[in-house]
Amino acid sequence: SFAVNEKKFLNTQKSGGELSNSKGTLRLVLISSSNLACPRGKGNIHAYCEASMGSQEQKTAVVTGCNPHWNASMQFLIKDMAQDILCLTVFDRDFFSPNEFLGRTEIRVGDIASGCEERRGPVTRTLKLLEAESGVITVKLDIQMF
């Protein structure tokens with residue numbers, strides 16, 4: 001059944017030996033986001049981005065404004081070029097209520113790899129945020145295979 005397979009998948013993601021199963025590393029620089037949907041009448045937003053790949057998750061610092069510049073560097077271990085997907089989600093950090101979702105996007109590691117091979121180095125992409133009124137996120141990506 002799906003639930004059993006899902007559980008098995010999650011357990012293998014969480015199990016140790018992360019490095020031994022890895023094929024390489026994905027280096028990510030979350031440069032900035034622009035034109036984020038700023039809720040009217042709310043004043044400034046406090047934006048941060050959460051990047052995840054499988055069970056690996058990292059966050060940027062919180063930056064004020066609808067056009068945050070994070071310049072945050074992160075690294076993720078690549079387990080499977082064909083399957084791994086990098087997910088980027090932008091939130092507005094609220095101190096007195098739950099953080100507000102501002103949009104998300106995802107990019108397949110396989111697509112990043114072919115881009116890096118073509119350029120023979122890092123690629124910079126500007127991705128449209130999905131499930132949001134507006135907003136884009138600019139990232140720099142590089143893959144290092146073991």
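Between the NE2 atom of H69 and the OG1 atom of T60 there is a distance of 13.0 Å, given to the nearest 0.5 Å. R108 contributes atom CZ, which lies 9.5 Å from atom CG of D84 (distance to the nearest 0.5 angstrom). The distance from the CD atom of E100 to the CG atom of D94 is 6.0 Å, given to the nearest 0.5 Å. Residue M53 holds its CE atom at 10.0 Å from CG of D80, rounded to the nearest 0.5 Å. In this structure, CD1 on I31 lies 7.0 Å from NZ on K140, to the nearest 0.5 angstrom. The distance from atom CG of L141 to atom CE of M74, rounded to the nearest 0.5 Å, is 12.0 Å.
E131 and F101 get closest at one heavy-atom pair: O-CE2, 3.4 Å. Of all the heavy atoms in G103 and A132, the pair that sits closest is CA-CB, 3.9 Å. Nearest heavy atoms, L26 versus I143: CD1-CG1, 3.8 Å. The shortest non-hydrogen separation linking M145 to K23 is CE-O, 3.2 Å. Closest approach of A51 to L30, counting heavy atoms only: CB-CD1, 4.3 Å. Nearest heavy-atom pair, Q75 versus Q58, reported as atom, atom and distance to 0.1 Å: O-NE2, 2.7 Å.
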Considering only distance and modelled atom types, tabulate donor-acceptor pairs under 3.5 Å from the side chains of residues 109-128, sequence neighbours left out.
residue	atom	partner	partner atom	Å
S114	OG	G110	O	3.3
S114	OG	D111	O	3.1
T126	OG1	T138	OG1	3.2

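Judged by distance alone, with hydrogens and angles left aside, the side-chain atoms of S33 form a donor-acceptor pair with the main-chain N or O of V136 at under 3.5 Å.
Side-chain atoms of Y48 and N99 include a donor-acceptor pair closer than 3.5 Å.
Linking Ile, Leu, Val, Met, Phe, Trp and Tyr whenever their side-chain heavy atoms come within less than 4.5 Å puts M81 and I107 in one cluster. Cluster annotation: W70 and F91 are assigned to distinct hydrophobic clusters (Ile/Leu/Val/Met/Phe/Trp/Tyr, side-chain heavy-atom contacts under 4.5 Å, transitive). Using a 4.5 Å cut-off between side-chain heavy atoms of Ile, Leu, Val, Met, Phe, Trp and Tyr, with links allowed through other members, L36 and V62 fall into different hydrophobic clusters.
In this structure, F96 places its CZ atom where only 12 or fewer heavy-atom neighbours from other residues, nucleotides or ligands lie under 6.0 Å away.
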